[in-house]
Amino acid sequence: MNILIIYAHPNCKSFNNAILKQVESSIPSTHKIKTIDLYKENFDPVLKFDEKNKRRDLAKSPETCKYRDMIKEADKLIFIFPIWWSGMPAILKGFIDRVFVSGFAYSYKKIGLEGHLKGKSAWIITTMDAPAIALPFCNDYGKVLKNQILKPCGITPVKLTTLAQVESSSQEKRKLYLEKISGMAACT
């Protein structure tokens, strides 16, 4: 299986980076893994519309061609990012805006969308500072990514793993989180 990890956190010493390393090392070696680290790649999240940059041409943009090709080749997408202010990091939102575009990830039907990324699955791993008890009431971007972006693009099933109260968690709690992630990645 071809697995593409899309990672968004600016600090290489963060807990999100520990999650990334845990996922990469726990996925069985029979799978092929590629990782896009949006911050290391200095991905430009700014979507531009003007005389030169037409919305209808986004699916042909040479700046994002390599990312579209990586998504096409992948059987499974894994997203790893923190939830900040109930949303994903701006760089990841810009990646979605610029790469998951009409003509590539979906097209418009008379009513709704037709997803073009069928046959792919996804796993979203998010961290947040809110306590676990607040999760049912949070309108976080992990849920938005799952239900309002990936599923309409044809990606299913989509698994969502949210690790809560990370900022104030003990080293023991973080170790348990990483063990959980390792076990889940090993079953990929």
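- Exactly one residue among Lys34, Arg68, Lys120, Lys32 makes a salt bridge (Lys or Arg N to Asp or Glu O under 4.0 Å) with Glu73. That residue is Lys34.
- Going from atom CD1 of Ile71 over to atom CG of Leu4 covers 6.5 Å, rounded to the nearest 0.5 Å.
- A distance of 10.0 Å separates CD1 of Ile124 from CD1 of Ile6, quoted to the nearest 0.5 Å.
- The shortest heavy-atom contact between Val158 and Lys146 is O-CE, 3.2 Å.
- Within a 6.0 Å sphere centred on NZ of Lys159, heavy atoms belonging to other residues, nucleotides or ligands number more than 12.
- Between Tyr177 and Phe15, the two ring planes are tilted [angle within 30° to 60°].
- Ion pairing of Glu41 with Lys66 is present here, as a side-chain N (NZ or NE/NH1/NH2) and a carboxylate O approach within less than 4.0 Å.
- Going from atom CZ of Phe104 over to atom CG of Asp69 covers 8.0 Å, rounded to the nearest 0.5 Å.
- Once rounded to the nearest 0.5 Å, the distance linking OG1 of Thr126 with CH2 of Trp84 reads 12.5 Å.
- With values rounded to the nearest 0.5 angstrom, Lys72 atom NZ is found 14.5 Å from Asn2 atom CG.
- From Ile78, atom CD1 reaches atom CD1 of Ile5 across 5.0 Å, with rounding to the nearest 0.5 Å.
- Just one residue in the list Asn11, Asn16, Asn17 forms a side chain to side chain contact (heavy atoms under 4.5 Å, CB included) with Lys13, and that residue is Asn11.
- In this structure, Leu113 is not a member of the same hydrophobic cluster as Val101, with clusters built from ILVMFWY side-chain heavy atoms closer than 4.5 Å.
- Ring orientation note: the planes of Phe79 and Phe100 are tilted relative to one another, at an angle of 30° to 60°.
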